[in-house]
There are 2 protein chains.
Amino acid sequence: MPKRVTIADVAALAGVHKATVSRALNVPTEHQVNAETLKRVQEAARELGYIPNVMARGLRTSLSMTIGVIVPDLTNPIFPPVLRGIENHLSPLGYTALLGNTDGRDDVERAVFDSLLERRVDGFIFATARAHHPLLIEARDRDIRAVMVNRGDTDVPFPLVTGDDASGVAAAVRHLVELGHRRLLHLAGPSYLTTGRVRADAFVAACAEAGIIGTVIEVSALNVEAGFVAMETVNADADDRPTAVVANNDLLALGAMRWLRANGLSCPRDMSIVGFNDMPFAEDFSPALTTVRVPFLDMGAEAARLLLEGMKAGSQEPITVSLPVSLVIRDSTAAPGRP
Amino acid sequence: MPKRVTIADVAALAGVHKATVSRALNVPTEHQVNAETLKRVQEAARELGYIPNVMARGLRTSLSMTIGVIVPDLTNPIFPPVLRGIENHLSPLGYTALLGNTDGRDDVERAVFDSLLERRVDGFIFATARAHHPLLIEARDRDIRAVMVNRGDTDVPFPLVTGDDASGVAAAVRHLVELGHRRLLHLAGPSYLTTGRVRADAFVAACAEAGIIGTVIEVSALNVEAGFVAMETVNADADDRPTAVVANNDLLALGAMRWLRANGLSCPRDMSIVGFNDMPFAEDFSPALTTVRVPFLDMGAEAARLLLEGMKAGSQEPITVSLPVSLVIRDSTAAPGRP
DNA sequence: ATGAAAGCGCTAACAA
DNA sequence: TTGTTAGCGCTTTCAT
């Protein structure tokens with residue numbers, strides 16, 4: 001809509017050829033331009049309010065300087081920090097992130113993926129990986145540069161940036177055992193998600209090591225409702241019900257809290273709850289949630305770094321970068337039977 | 001990275017001219033192509049895995065089919081729903097949203113704005129408007145199509161989509177008065193934000209109408225810390241301290257809650273609190289927050305609709321669309337002096 | 001209904 | 001150091 005000033009206009013005003021303008025206005029080539037000419041071009045550009053056209057440049061260089069970021073749902077509070085981390089790393093390098101939500105649906109993810117391909121993104125960051133994900137397999141077959149974040153795929157050789165889930169769960173179990181808990185319940189994420197499996201395995205292992213009883217229930221989805229529903233399988237009145245819950249994520253933990261309330265039970269007096277992620281405002285929940293903090297900002301930044309590295313190298317090692325997590329103890333955990 | 005199939009390859013395989021392929025593959029022109037040819041082209045495209053190059057198309061049509069969305073900070077939980085609303089409206093129409101965070105800094109916003117201009121976005125949605133915003137004035141001078149969302153500018157004629165703030169605040173005050181409160185405090189947003197002023201004015205008006213005492217404190221920023229800090233101006237021990245707080249948004253309300261806790265006071269027994277926005281998980285706070293629900297998803301969708309409408313029309317009426325809000329009563333409000 | 005030709009704005013060889 | 005030339009992949013007159 002703004003009147004379009006092109007490189008030709010700048011060239012005319014500066015009295016040089018288009019190519020010289022191009023050279024002058026691009027950092028990597030500006031040094032091969034006479035200092036005076038450079039100044040003249042820059043002034044002409046400023047005077048005309050010249051704004052380079054990234055589409056034209058991209059067409060010529062076959063580089064869009066954009067990265068496609070595919071997430072299940074941006075309203076899940078863990079993803080904004082990941083995205084911010086990605087952008088923090090990309091922006092200074094001239095890259096822009098193109099966001100796509102899938103709502104957890106394969107057909108939507110396909111559409112998003114295609115749309116991003118049409119925009120010729122230079123690489124992808126997937127937060128939607130799962131076991132044997134067809135889309136990731138296709139991406140690999142197309143020889144696309146990509147990185148997975150948070151969750152991984154079981155059989156696709158893209159780099160993965162994740163939190164140290166096993167340590168996190170182990171720390172949570174240890175914390176509960178130290179408080180005196182002996183019957184734990186794990187609200188496990190769906191087993192087709194690597195986070196679901198890894199954390200469940202770690203839970204079982206940690207319980208075994210501590211010599212206590214650890215039950216696992218697999219939820220149907222990673223949201224508050226699913227957490228509530230999963231809790232309905234425990235008998236609220238039984239004497240041998242679990243005294244503490246380790247949830248696959250904070251949303252499930254929230255669901256468990258709501259279930260307690262709905263059944264006239266109190267957290268942590270009647271049951272302790274530990275979440276995972278330390279999502280924003282977890283400390284403001286009722287009660288403040290004990291949870292495992294995952295460094296999502298760093299996670300995003302590291303994913304972006306790794307992707308760019310792979311793009312530059314022209315090839316990618318399928319390494320897994322595991323970021324340290326930490327247990328944040330708040331008010332949702334206490335010794336069993338005590339407020 | 002994927003091997004690049006162009007329209008020429010498709011043309012060759014289908015045995016037609018490039019132009020025919022272009023016509024066949026674009027919905028608005030496909031009808032001017034012979035049915036048989038059309039089929040042949042589509043098959044060739046599919047067989048080769050042809051993916052149109054949006055950059056090339058954009059260069060030719062000078063349409064990028066992208067919309068720039070500028071928000072202060074995506075990790076503020078009210079913005080993801082707005083963005084989702086925008087995308088929900090844009091995607092089916094072939095548009096993509098390009099997101100930019102400003103962190104509330106003018107220089108960052110400038111950079112984001114410029115970067116979006118370089119990408120030749122077809123229009124803007126600003127969630128960063130404020131009184132006399134220089135950037136918006138510049139946007140208007142450049143004859144750019146834009147819409148403001150949530151907050152407005154005082155002197156720029158772009159359409160604005162907002163919640164019905166005045167009604168929301170009035171409902172909150174009425175609710176508190178009905179509970180028996182007579183001394184209210186308003187944590188007002190910065191006065192350079194239209195939301196800050198509009199809500200503060202509505203608060204004063206509502207208190208006047210009810211014939212009660214309404215004090216206003218202007219906070220320095222719209223976050224939890226600022227809410228906490230602002231509350232430190234009230235004397236926790238005084239008998240005539242306010243019995244209820246109406247906060248400009250949920251984050252400030254949260255800050256007020258933390259201040260109560262820090263001062264050994266209880267909400268709602270010692271002080272009732274009403275937020276604004278009904279951000280995600282407001283119902284899980286401690287206590288569950290009474291607040292004014294704003295339809296952010298609709299807000300985003302309406303902003304996108306309005307923008308596209310203005311783009312098509314070639315001109316924009318500076319109308320204000322005010323979306324209805326509703327008071328959601330939870331546990332943070334009660335009669336004064338009672339639990 | 002289809003083809004021919006031009007050109008969107010830019011960069012990258014190659015010359016000079 | 002600067003200019004010349006060509007072309008990235010697509011759409012769009014204008015012919016046919």
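Chain letters run A, B, ... following the sequence lines, proteins first, then strands; residues in each count from 1. Small disclaimer: the values here were computed from a predicted structure and weren't measured. Both backbone and side-chain heavy atoms feed into the values below; hydrogens, waters and symmetry mates do not.
Going from atom NE2 of A/His17 over to atom C1' of D/dA6 covers 11 Å, rounded to whole Å. Note: CG (B/Asp9) to P (D/dC8) measures 11 Å, nearest angstrom. The CG-P distance, from B/Leu63 to D/dT12, rounds to 10 Å in whole Å. Taking atom CD1 of B/Ile7 as the reference point, atom P of D/dC8 lies 13 Å away to the nearest angstrom. In this structure, CE of B/Met55 is placed 10 Å from P of D/dC10, rounded to the nearest angstrom.
For the 3.5 Å distance criterion, the side chains of A/Arg119 and B/Thr96 qualify, holding a donor opposite an acceptor. A donor-acceptor pair shorter than 3.5 Å cannot be found between the side chains of A/Arg84 and B/Thr75.
A salt bridge does not link B/Glu43 with B/Lys39: every distance from a Lys NZ or Arg NE/NH1/NH2 to an Asp or Glu carboxylate oxygen is 4.0 Å or more. A/Glu309 has a carboxylate O that lies under 4.0 Å from a charged side-chain N of A/Arg305, or vice versa, which qualifies the two as a salt bridge. Under a 4.0 Å N-O distance rule, the pair B/Asp143/B/Arg145 qualifies as a salt bridge.
Neither OP1 nor OP2 of D/dG9 sits under 4.0 Å from any side-chain N or O of B/Thr6. An OP1 or OP2 oxygen of D/dT11 is reached within less than 4.0 angstrom by a side-chain nitrogen or oxygen of B/Asn26. One finds no side-chain N or O of A/Arg23 lying less than 4.0 angstrom from the OP1 or OP2 phosphate oxygen of D/dT2.
For B/Asp114, the side-chain hydrogen bond (donor to acceptor under 3.5 Å, both in side chains) partners two or more places apart in sequence, or in a different chain, are B/Arg110.
Annotation: of the two residues near DNA chain D, B/Leu59 and B/Thr29, the 5′-most nearest-nucleotide partner is B/Leu59. Comparing B/Gly15 and A/Val21, the nucleotide of DNA chain C nearest to each residue sits closer to the 5' end for B/Gly15. In this structure, A/Arg60 and B/Lys18 both approach DNA chain C, and ranking their closest nucleotides by distance from the 5' end singles out B/Lys18.
When heavy atoms are screened at a 4.0 angstrom cut-off, A/Ser62 is found touching no nucleic acid atom at all.
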(request) Run the numbers on A/Leu13 and A/Leu48 for side-chain contact (heavy atoms from CB on, under 4.5 Å), then give the verdict. (result) CA-CA 9 Å; A/Leu13 180 59; A/Leu48 295 173; 3.8 Å; yes
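Across B/Pro157 and B/Arg140, no two heavy atoms sit closer than the pair CD-CD, 3.4 Å. Residue B/Val5 comes nearest to B/Tyr50 through the heavy atom pair O-CD1, 3.4 Å, listed as atom of the first residue, atom of the second, then distance.
Chain A approaches DNA chain C over the interval C/dG9 to C/dA13, counting the first and last nucleotide 5' to 3' with an atom under 4.0 Å from its heavy atoms.
Contacts between residues 30-41 of chain A and DNA chain D, defined by a heavy-atom separation under 4.0 Å, are made by A/Gln32, A/Val33, A/Asn34, A/Thr37.
A/Arg120 contributes no side-chain N or O that forms a donor-acceptor pair with the base of D/dG9 under 3.5 Å.
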